[in-house]
Amino acid sequence: EVQLLESGGGLVQPGGSLRLSCAASGFTFSSYAMTWVRQAPGKGLEWVSAFSGSGISTYYADSVKGRFTISRDNSKNTLYLQMNSLRAEDTAVYYCAKSPDMAVAGHYFQHWGQGTLVTVSS
Amino acid sequence: DIVMTQSPDSLAVSLGERATINCKSSQSVLYNFNNKNYLAWYQQKPGQPPKLLIYWASTRESGVPDRFSGSGSGTDFTLTISSLQAEDVAVYYCQQYYSTPPYTFGQGTKLEIK
């Protein structure tokens, strides 16, 4: 059974940093693209960043480009999101999601974690 | 970026009746080389993560009840629940995954029981 468990969320001041983790199990992690999607309180879903299974391709939403960095450690079956220069508008539940293929391009999100809440406030 | 627009924003349907949610993309998400529409539908219940219902616009994910169906092509898509059950109360999102990211979602449609 595919399981995705996010951690690392919490309260951080504007301008601060946080690193999210997504521990994966139940599948061969290195063979699948992984994505971060966020949801601000009471709002819709926003795609944030993705990393191909091959480790070659990374993608970012314009709203986080230059501030967030996605990475993965296939030996630890873990996806990361390093978030720097955080703003109030980054406040959201952050979900990691697994694609059905190694490539990011052209694939939907088949499995989702439960999410971790990031609150940016002074 | 491709903009996804859903209608209506909210919908109230009686138990056992049909529910229809529409999704329109600002450009076609149909790839002519494989004749596939790069469009998915998700269901999100309160306090839960989204759940994949439909991909390639009309392919039902494993384990999803057959009362859920997707249709449409190009820029106009529909999610239909043929006979609404109480457990179908949720927010529904469409999402395009055409070409390379960013992959955008619709704003969501809240489905309730009338």
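Just so we're on the same page: letters track the sequence lines, and every chain starts at 1.
When the side chains of ILVMFWY residues are joined at heavy-atom separations under 4.5 Å, either directly or via intervening members, A:L5 and A:V93 end up in two distinct hydrophobic clusters. Linking Ile, Leu, Val, Met, Phe, Trp and Tyr whenever their side-chain heavy atoms come within less than 4.5 Å leaves B:W56 and B:L30 in two separate clusters. In this structure, A:Y94 is not a member of the same hydrophobic cluster as A:Y80, with clusters built from ILVMFWY side-chain heavy atoms closer than 4.5 Å. Under the 4.5 Å side-chain contact rule for hydrophobic residues, B:L111 and B:M4 share a cluster. Placement of A:L4 and B:Y103 in two distinct hydrophobic clusters is found when ILVMFWY residues are connected by side-chain heavy-atom separations under 4.5 Å, directly or transitively.
Top candidate by heavy-atom pairs under 4.5 Å with chain B, chosen from A:Y59, A:Y60, A:Y95, A:W112, is A:W112. Your options are B:Y38, B:Y42, B:Y31, and the one with the most heavy-atom pairs under 4.5 Å with chain A is B:Y42. Counting heavy-atom pairs under 4.5 Å between each of B:P101, B:A40, B:G108, B:P102 and chain A puts B:P101 at the top. Between chain B and the residues A:G106, A:S57, A:G44, the most heavy-atom pairs under 4.5 angstrom are made by A:G106.
Scanning residues 7-37 of chain A against chain B with a 4.5 Å heavy-atom cutoff picks out A:V37, ordered by number.
Interatomic distance, A:W47 CH2 to B:T104 OG1, rounded to the nearest 0.5 Å: 10.5 Å. Note that CG of A:L45 is 9.0 Å distant from CD of B:Q95, once rounded to the nearest 0.5 Å. To the nearest 0.5 Å, the span separating OH on B:Y55 from CZ on A:F109 amounts to 15.0 Å. Atom CG in B:L39 sits 13.0 Å away from atom OH in A:Y108 (nearest 0.5 Å). For the atom pair NZ (B:K51) and CD (A:Q110), the distance works out to 12.5 Å, reported to the nearest 0.5 Å. One finds the CZ atom of B:F105 at 9.5 Å from the CD atom of A:Q39 (value rounded to the nearest 0.5 Å).
Counting non-hydrogen atoms of other residues, nucleotides and ligands closer than 6.0 Å to CZ of B:R67 gives a total above 12. For A:K43, the NZ atom counts as loosely surrounded, since its 6.0 Å shell holds 12 or fewer non-hydrogen atoms of other residues, nucleotides or ligands.
The closest side-chain donor-acceptor pair between B:Q48 and A:Q114, if any, does not fall under 3.5 angstrom.
Contact between A:G113 and B:P49 at its shortest, heavy atoms only, is O-CB, 3.1 Å.
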